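Reviewing the structure listed below.
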Amino acid sequence: MNHQCVVIVGSQWGDEGKGKIVDVLAERVDIVARYQGGANAGHTVHVGDEEFVLHQIPSGILHPERRCLLGNGVVLDPFQFFEELDALTARGLDAEPRVGVSGRAHLLLPYHKILDRAAEERRGAGKIGTTGRGIGPAYEDKVARQGIRVADLRDLVGAEERLRAAAARVNERLIGQGSSERVDADRLVSDVLAIRERLYGLSTETGRVIHDALREGKRVLLEGAQGALLDVDHGTYPFVTSSNTTSGGAALGVGIGPTAIDAVVGVVKAYTTRVGAGPLPTEFPSPMQEHMRELGGEYGATTGRPRRCGWFDAVVVRYAARVNGLTGLAVTKLDVLDTLEELQIATGYRVGGEILDEFPGDLGLLEEAEPVYETLPGWQTSTADARRWDDLPAAAQAYLRRLEELTGAPIWFVSVGTRRDQIIHVEV
Ligand code: GDP
Ligand code: IMO
Ligand code: MG
């Protein structure tokens, strides 16, 4: 892949293996930047026998010398962030000098988590199944123009005033909701002021850093969190996260123009998973559900919740290819399908006697949708040692070629295991 500024974007419902793909591609770049989301993300990277799960720090951090940035579009939980940074340092990585945070990024503070929990409780049976990391309330504050940004930490007095005002506002809201939880303003102030200098010291103009790097001919990866179907505009609203996860959010979320981006790689699993509530048209019935969950180790990297599994849904990925402008696909976890006799791919949805070939924005239609399947033979051989396209069994090649045809996006990478070397570079 010879591009200079590449977006890596989840193209299903998250957990597609973005961390692994970013780690592999980070080999060839200078900067890796996250552009949205927060510690709701859980990006798993395996280096040798070691496993790292990154929530806020870009997945490029495991390569020495890569600069890792958190853009303005991110909501930053400073306590979790430093815990993650310290854990990386304790594992022998020289992480802190390589990390930069946009001064425009909004802080996600403990009261956002209280509000997230309270909102989920109020939703009752209609709950979204959020990660409980405070994401929705932090973006609410940002859009309501009452958030606190990293740059606001420069001025000690001003920062304290903002924190006290936020605590009072949140407490009023909690009282109004009949909640017995309260924000302790003194504790909030002392906790935030304790990390103020350290965090402010890492702040930088991410857009400028990336702009200058690109002008010098350096390479940049923009790492998405979550996936297209969790995008607040394009996903299965209201069962979505609160940010624009799709590639349009990438330029916006780091502070560069969209014309600076020259490739968009959509990461997809060779099947489908989702964690949390909301529609999943190709969801397996039992016992296939449990079987695939065990084969794929499908438990959430952030919350440990079991992921819901289903067949590859080409309607979803075709839609994701369009809204993201995907130039290539990275198909992960092909090896998880190795033992299956037959595979199915959803090619369309049947709704009230009609076939939909477009992913509907209307959740009511989606709930009625019956996937139309095409069946392909399995390969029943291990693909874990494949390193070139030609190493793949013919049935696996046919399966992948069919995914390309149905989604309209060419496959650039195929991942056949968690390790760095378990990757096939398909594109020339
Ligand atoms: P992300 O959020 O998109 O980065 O994905 P997660 O890390 O939440 O979930 C993907 C899981 O699949 C992780 O446990 C990865 O280690 C694992 N994984 C990634 N690629 C492959 C692959 O090709 N084969 C297998 N078996 N596991 C993979
Ligand atoms: P990565 O980056 C999978 C899901 C939650 C819930 C919905 C809203 O690892 O792919 P939120 O806490 O964001 O308000 O939750 O979004 N969700 C994810 N699902 N992978 C993720 O991140 C997710 N981040 C949020 O389960 O359904
Ligand atoms: Mg994940």
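As the structure is a prediction and not an experimental result, all values here were calculated from the model. In what follows, every heavy atom counts, from backbone to side chain, and hydrogens, waters and symmetry copies are set aside. First listed ligand is number 1; within each ligand, the first listed atom is number 1. Residue numbers run from 1 in the order of the sequence given.
With a 4.0 Å cut-off on non-hydrogen atoms, Arg274 does not touch ligand 2 at all. Counting heavy atoms closer than 4.0 Å to ligand 2, residue Phe239 contributes nothing at all.
For residues 268-279, the set of pairs meeting the side chain to side chain donor-acceptor pair (under 3.5 Å) definition, not counting sequence neighbours, comprises Thr236-Arg274, Lys269-Thr273, Lys269-Glu298, Tyr271-Glu298.
Distances between N or O atoms of Ala225 and those of ligand 2 include no value under 3.5 Å. By the 3.5 Å distance cut-off applied to N or O atoms, Ser242 is not counted among the residues near ligand 2. Considering backbone and side-chain atoms together, Ala277 places no N or O closer than 3.5 Å to any N or O of ligand 2. The shortest N/O to N/O separation between Glu16 and ligand 2 does not fall below 3.5 Å. The shortest N/O to N/O separation between Asn40 and ligand 2 falls below 3.5 Å. For a threshold of 3.5 Å applied to N or O pairs, the pair formed by Gly14 and ligand 1 contains no separation below that value. Every N/O-N/O distance between Thr332 and ligand 1 stays at or above 3.5 Å. On a distance-only criterion, Lys20 and ligand 1 share no N/O pair closer than 3.5 Å. Remark: ligand 2 and Arg133 share no N or O pair separated by less than 3.5 Å (distance only, no angle test).
Which of Ala41, Ser59, Gly129, Gly276 comes nearest to atom 6 (C) of ligand 2 through a heavy atom is settled by distance: it is Gly129.
Listed by number with element, the atoms of ligand 1 under 4.0 angstrom from any heavy atom of His43 are 1 (P), 2 (O), 4 (O), 7 (O). Shown in contact with Val275 at under 4.0 Å from a heavy atom are these atoms of ligand 2, numbered in order with element: 3 (C), 5 (C), 19 (N), 26 (O), 27 (O). Atoms of ligand 1 lying under 4.0 Å from at least one heavy atom of His46, given by number and element, are 16 (O). Set against the non-hydrogen atoms of Ser415, the atoms of ligand 1 under 4.0 Å away are 20 (N), 21 (C), 22 (C), 23 (O).
Close to ligand 1: Gly417, with a non-hydrogen atom less than 4.0 angstrom away. Contact annotation: Arg419 has no heavy atom less than 4.0 Å from any atom of ligand 1. Residue Gly42 places a heavy atom under 4.0 Å from ligand 1.
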For Glu120 and Arg117, what are the C-alpha separation, side-chain angles and deciding distance, and is it a salt bridge (Lys or Arg N to Asp or Glu O under 4.0 Å)? CA-CA 5 Å; Glu120 280 286 81; Arg117 269 199 309 274; over 6 Å; no
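Regarding atom 3 (C) of ligand 2, its nearest protein heavy-atom neighbour is Asp15 OD2, 3.2 Å. The closest protein non-hydrogen atom to atom 15 (O) of ligand 2 is Thr130 CA, 3.4 Å. Atom 24 (N) of ligand 1 has Asp335 OD1, 2.8 Å as its closest protein atom, hydrogens excluded (heavy atom only). Of the protein's non-hydrogen atoms, Gln226 CG, 3.6 Å is the one closest to atom 23 (C) of ligand 2.
The salt bridge (Lys or Arg N to Asp or Glu O under 4.0 Å) test applied to Arg187 returns Asp191, not counting sequence neighbours.
Considering just the N/O/S atoms of Asp15, the one nearest the Mg ion (ligand 3) carries the name OD1.
A cation-pi arrangement is present between Arg91 and Phe52 under the rule of less than 6.0 angstrom and at most 45 degrees off the ring axis.
In this structure, Asp15 pairs ionically with Arg307, as a charged nitrogen and a carboxylate oxygen lie closer than 4.0 Å.
Between the side chain of Gln36 and the backbone N or O of Ala250 there is no donor-acceptor pair closer than 3.5 Å.
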